[in-house]
Amino acid sequence: MARNEEKAQSMLNRFITLKNEEKKKPKERRPFLASECRDLAEADKWRQQIMREIGRKVAEIQNEGLGEHRLRDLNDEINKLIREKTHWERRIVELGGPNYTKHAAKMTDLEGNIVDVPNPSGRGPGYRYFGAAKKLPGVRELFEKPPELRKRKSRYDIYKRIDASYYGYRDDEDGVLEKVEGPAEKRMRLAKMAEWEELEEIKREARKAVKSGEVASVAPTGILFEEEEDVVEEERRAAREKESEKEREFVVHVPLPDEKEIERMVVEKKKMELLSKYASEGLLEEQSEAKAMLNIHR
């Protein structure tokens with residue numbers, strides 16, 4: 001029994017293959033310009049052909065081991081086919097067919113987020129990156145979002161949102177503050193009244209102690225505040241001033257010199273200073289002996 005290769009090389013099989021190829025129509029080539037096509041069915045057929053080519057190349061560009069140059073070439077070819085597909089879709093709309101651009105896929109980044117930038121690389125309108133081409137050097141940065149810079153608020157922006165409620169002028173409108181402050185106000189009022197009564201009691205005890213001259217005794221629970229200490233200190237100071245005034249009132253039992261006596265004593269002192277300055281010690285001694293003999297005490 002002959003093998004398949006021998007059957008294919010036989011004269012009959014070659015003749016039949018040749019006849020079948022003659023019956024086939026010549027392979028049609030896609031028009032270079034979409035405007036040359038006049039048939040809607042043919043335009044849709046050429047669009048489907050471009051879609052198949054795009055799908056095949058997109059599947060191929062997913063391989064990261066192809067190398068940087070091959071990846072860039074595949075990405076350029078895919079973008080060229082996408083532009084050509086856009087021309088054919090526009091031509092289909094002109095011929096009365098459906099509009100495919102409404103349901104076109106959006107370009108996404110590495111995380112799957114839609115990128116609204118029509119031309120992120122500057123290489124032409126609508127240039128896109130697919131598959132492993134997104135991870136090429138210089139391309140990854142295009143899909144990274146720039147860090148948001150917090151703009152410093154100006155004084156105008158700060159005061160623009162300030163109204164009456166910021167200063168508390170509208171706190172009483174809802175009635176919530178009144179419900180909360182009512183019990184708190186009563187508690188504070190009772191606490192202040194108890195503190196005032198305690199302070200008055202301490203003052204009364206302090207006055208009694210100052211009048212009697214005893215030390216003021218305060219209950220163990222009572223603690224002198226700053227105001228209480230000031231009151232007690234003022235009362236003690238007043239008592240000390242009264243005692244000092246009593247001490248100042250005294251009777252002189254020694255005769256005091258008058259103005260003439262004071263002048264004479266000053267002149268005598270100056271005279272003695274001059275004598276001690278210009279006279280000798282021997283002369284002073286003789287003078288003092290003579291005054292003693294004459295019983296002169298001046």
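Keep in mind it's a predicted model, so treat the numbers as computed, not measured.
- Connection of Ile61 to Leu136 is established within a shared hydrophobic cluster, with ILVMFWY side chains joined at heavy-atom distances below 4.5 Å, either directly or through further cluster members.
- Screening residues 60-69 for salt bridge (Lys or Arg N to Asp or Glu O under 4.0 Å), with sequence neighbours left out, gives Glu60-Arg70, Glu64-Lys135, Glu68-Arg72.
- Between Lys179 and Pro183, the shortest heavy-atom contact is O-CD, 3.1 Å.
- Both Tyr169 and Tyr159 are members of a single hydrophobic cluster when ILVMFWY side chains are connected at heavy-atom separations under 4.5 Å.
- We find the NZ-CG distance between Lys57 and Asp76 to be 11.0 Å, quoted to the nearest 0.5 Å.
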Next on the checklist: As a quick check of understanding, evaluate side chain to side chain contact (heavy atoms under 4.5 Å, CB included) for Glu53 and Glu84, giving each step before the final call.
Outcome noted: CA-CA 11 Å; Glu53 293 180 6; Glu84 190 174 353; over 6 Å; no
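- Rounded to the nearest 0.5 Å, atoms CD1 (Ile92) and CH2 (Trp46) are 12.5 Å apart.
- More than 12 heavy-atom neighbours from other residues, nucleotides or ligands sit within 6.0 angstrom of CD on Glu36.
- Between the CD1 atom in Ile158 and the CZ atom in Arg155 there is a gap of 7.0 Å [rounded to 0.5 Å].
- With salt bridges taken as basic N to acidic carboxylate O contacts below 4.0 Å, one links Glu261 and Arg264.
- With contacts defined as side-chain heavy-atom distances shorter than 4.5 Å, the pair Lys203/Glu200 qualifies.
- Remark: the backbone N or O of Val58 is paired with a side-chain donor or acceptor of Gln62 at under 3.5 angstrom.
- No donor-acceptor pair closer than 3.5 Å links the side chain of Asn75 to the backbone N or O of Leu71.
- Between Arg204 and Glu201 there is a salt bridge, with a side-chain nitrogen of the basic residue lying less than 4.0 Å from a carboxylate oxygen of the acidic one.
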Item to check | Full working for side chain to side chain contact (heavy atoms under 4.5 Å, CB included) between Leu74 and Glu77 | outcome: CA-CA 5 Å; Leu74 280 174; Glu77 293 173 6; 3.9 Å; yes
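- With values rounded to the nearest 0.5 angstrom, Glu181 atom CD is found 13.5 Å from Lys186 atom NZ.
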Item to check | side-chain hydrogen bond (donor to acceptor under 3.5 Å, both in side chains) assessment of Asp157 paired with Ser154 | outcome: CA-CA 5 Å; Asp157 297 333; Ser154 61; 3.2 Å; yes
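- Here the options are Arg83, Glu89, Arg30, His87, the test is side chain to side chain contact (heavy atoms under 4.5 Å, CB included), and the partner is Ile50; only Arg30 passes.
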Checklist entry - Are Arg189 and Glu185 close enough, and set up right, to give a salt bridge (Lys or Arg N to Asp or Glu O under 4.0 Å), and what steps lead you there? => result CA-CA 6 Å; Arg189 189 182 296 275; Glu185 184 179 358; 3.2 Å; yes
Item to check | Evaluation steps, side chain to side chain contact (heavy atoms under 4.5 Å, CB included), between Met51 and Tyr100 | outcome: CA-CA 12 Å; Met51 292 289 292; Tyr100 295 102; over 6 Å; no
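- No more than 12 heavy atoms of other residues, nucleotides or ligands sit less than 6.0 Å from atom NZ of Lys271.
- In this structure, the side chains of Ile54 and Phe130 stay at 4.5 Å or more apart for every pair of heavy atoms.
- Of all heavy-atom pairs between Asp163 and Ser165, the closest is OD1-OG, 2.7 Å.
- Thr86 contributes atom OG1, which lies 10.5 Å from atom CG of Leu81 (distance to the nearest 0.5 angstrom).
- Comment: Glu263 does not engage Lys260 in a salt bridge, judged by the lack of any side-chain N to carboxylate O separation of less than 4.0 angstrom.
- Taken to the nearest 0.5 Å, the CH2 atom of Trp88 stands 12.5 Å off from the CD atom of Gln48.
- Using a distance-only test at 3.5 Å, with no hydrogens or angles considered, no donor-acceptor pair links the side chain of Arg91 to the main chain of Ala43.
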